[in-house]
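Sequence lines set the chain letters: A, B, ... in the order given, protein chains first and strands last, and positions in each chain run from 1.
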Protein chains: 2
Amino acid sequence: MTRTGFDTALENLNEDLLRMGSIVEKQVHQCIVALVNQDEELAMQIIKNDDLVDDLQREIEDKCIRLIGKEQPLAIDLRTIFTISKIVTDLERMADHASNIAKAVKRLKNEVYIKELVDIPKMSLIVEKMIKKSLDSFISRDVEAIKEICKMDDEVDALYKGVFNDLLAIMAKDIKNLNQATQFILIASKLERIGDHVTNICEWNVYLVTGEHMDLNE
Amino acid sequence: MTRTGFDTALENLNEDLLRMGSIVEKQVHQCIVALVNQDEELAMQIIKNDDLVDDLQREIEDKCIRLIGKEQPLAIDLRTIFTISKIVTDLERMADHASNIAKAVKRLKNEVYIKELVDIPKMSLIVEKMIKKSLDSFISRDVEAIKEICKMDDEVDALYKGVFNDLLAIMAKDIKNLNQATQFILIASKLERIGDHVTNICEWNVYLVTGEHMDLNE
């Protein structure tokens with residue numbers, strides 16, 4: 001493979017990564033839409049789409065390992081491929097959480113919601129933006145953007161604490177709400193976890209640019 | 001580096017991985033011991049040890065990338081290093097869950113436990129065994145052992161459902177138990193998640209031996 005061939009292969013990997021990222025972002029968005037609208041059909045679609053995400057992850061990982069084997073890249077090229085192979089793991093886990101939220105939507109389909117879904121949709125909106133920004137930062141190698149993403153993650157964490165307390169109060173009011181509120185707490189905890197995965201991606205972006213590891217997930 | 005030099009480096013990586021695995025296994029074990037005994041000091045130790053796990057992960061990842069860059073390994077050698085770099089991600093996430101459980105222990109330190117901790121300690125015992133077995137299977141390249149690990153994961157999932165229902169019933173009995181029972185549900189969900197990480201390791205073990213990807217996490 002010529003240098004141009006290698007660059008094309010790397011470009012191709014970047015595109016795959018962005019494609020996977022945008023599917024995952026959509027999965028996260030849609031699972032909360034399905035939750036809000038109690039849309040079982042959409043939930044089932046999300047669960048099905050999770051297989052596509054898994055396939056895409058494997059495809060990208062295979063390309064990474066083949067490219068390393070074939071081209072024996074060094075320094076920044078090797079770091080780029082290694083970073084991509086790490087980012088897809090986090091993306092896949094995010095999609096996994098979205099799929100698990102969709103499964104909870106199915107369990108909740110016949111419930112009458114006690115109250116608007118506290119701040120869960122708000123958490124989700126921030127998390128979706130974080131996913132997008134983290135991949136933009138990967139492409140643009142913009143390490144500065146990461147500070148903003150970390151601030152957003154702090155916001156998600158704070159919202160999660162609020163959601164947790166709101167839901168405990170809702171449970172305390174009427175034990176009929178127990179199952180529903182507990183499911184909502186678990187959903188919120190998955191969104192919080194998705195935020196953590198985004199900060200993992202940011203750590204890899206920092207590594208890619210600086211060659212240094214950084215702990216953003218405190 | 002000679003072939004022997006490479007083998008030594010790989011051997012060294014294997015040892016690092018096992019060392020990390022055994023620390024993670026211990027972290028998972030200890031966080032439940034801390035929970036059972038409401039041992040805040042132990043909980044704080046676990047939270048502190050999590051930094052060691054993070055450092056070890058980075059150290060191993062750095063070794064992987066340096067070894068690839070230096071030796072440009074092919075086929076099984078490359079797959080082995082790639083697999084190690086993937087397994088450490090799952091180990092780190094498990095330790096992360098253990099550390100989060102330890103944080104919950106701190107929050108629960110002054111509570112009088114309503115009841116024995118339902119099946120949480122039982123879940124933990126199985127999960128610890130799963131971690132050990134998955135690393136044994138990596139070292140021995142024993143793909144057969146994976147079937148057994150998957151069965152254990154099914155058991156963990158079933159226990160989780162039971163724990164969830166038991167805790168809902170405990171909440172329903174007395175709303176004073178709400179916070180405590182909700183914390184326990186979240187703890188159980190983290191143990192369930194640790195089990196999923198073990199099956200991810202198993203998937204990598206299968207990949208290592210067969211070159212094929214397999215979805216064990218259904």
Chemist: Where does B:Ser85 contact chain A at under 4.5 Å (heavy atoms): side chain, backbone, both or neither?
Modeler: both

Chemist: Which heavy atom in B:Gly69 sits nearest to a heavy atom in A:Leu74, and how many Å separate them?
Modeler: O-CD2, 3.1 Å

Chemist: Could you have a look at A:Met171, A:Arg66, A:Arg93 and say which one has the most heavy-atom pairs with chain B under 4.5 angstrom?
Modeler: A:Arg93

Chemist: Quick one: list whatever passes ring pair (Phe, Tyr, Trp, His ring centres under 6.0 Å) with A:Tyr207, sequence neighbours left out.
Modeler: A:Trp204, A:His213

Chemist: Measure distances from B:Lys176 to the heavy atoms of chain A and classify the residue's part below 4.5 Å as side chain, backbone, both or neither.
Modeler: neither

Chemist: First locate atom CD1 of A:Ile68, then atom CG of B:Leu78, and finally report the distance between them rounded to the nearest 0.5 Å.
Modeler: 6.0 Å

Chemist: With a 4.5 angstrom heavy-atom cut-off, could you sort out which part of A:Arg193 is near chain B: side chain, backbone, both or neither?
Modeler: side chain

Chemist: Chain B heavy atoms under 4.5 Å from A:Asp50: which part of the residue, side chain, backbone, both or neither?
Modeler: neither

Chemist: How many angstroms lie between atom CG of B:Asn200 and atom CG of A:Asp96, to the nearest 0.5 angstrom?
Modeler: 8.0 Å

Chemist: Is the closest side-chain heavy-atom distance between A:Leu178 and B:Leu178 below 4.5 Å?
Modeler: yes

Chemist: Counting only non-hydrogen atoms closer than 4.5 Å, does B:Asn100 touch chain A with its backbone (N, CA, C, O), its side chain (CB onward), both, or neither?
Modeler: side chain

Chemist: Just wondering, more than 12 heavy atoms not from B:Lys122 lying within 6.0 Å of its NZ?
Modeler: no

Chemist: Taking all non-hydrogen atoms of both residues into account, name the closest pair between B:Ala172 and A:Ile175 and its distance.
Modeler: O-CD1, 3.8 Å

Chemist: CG/A:Asn179 to CG/B:Leu168 distance, rounded to the nearest 0.5 angstrom?
Modeler: 5.5 Å

Chemist: Indicate the atoms forming the closest heavy-atom contact of A:Glu61 with B:Phe82, along with that distance.
Modeler: O-CZ, 4.1 Å

Chemist: Which heavy atom in A:Arg58 sits nearest to a heavy atom in B:Met214, and how many Å separate them?
Modeler: NH2-O, 3.7 Å

Chemist: Roughly how far, to the nearest 0.5 Å, is CD1 of B:Ile185 from OG1 of A:Thr182?
Modeler: 5.0 Å

Chemist: Need one label for A:Asp196: side chain, backbone, both or neither, based on atoms under 4.5 Å from any heavy atom in chain B.
Modeler: neither

Chemist: Under the criterion side-chain contact (heavy atoms from CB on, under 4.5 Å), I'd like the reasoning laid out for A:Leu186 against B:Leu186: C-alpha separation, chi angles, the key distance, then a yes or no.
Modeler: CA-CA 7 Å; A:Leu186 286 168; B:Leu186 286 167; 3.9 Å; yes

Chemist: Should we say atom NZ of A:Lys26 is surrounded by more than 12 heavy atoms from elsewhere, each under 6.0 Å from it?
Modeler: no

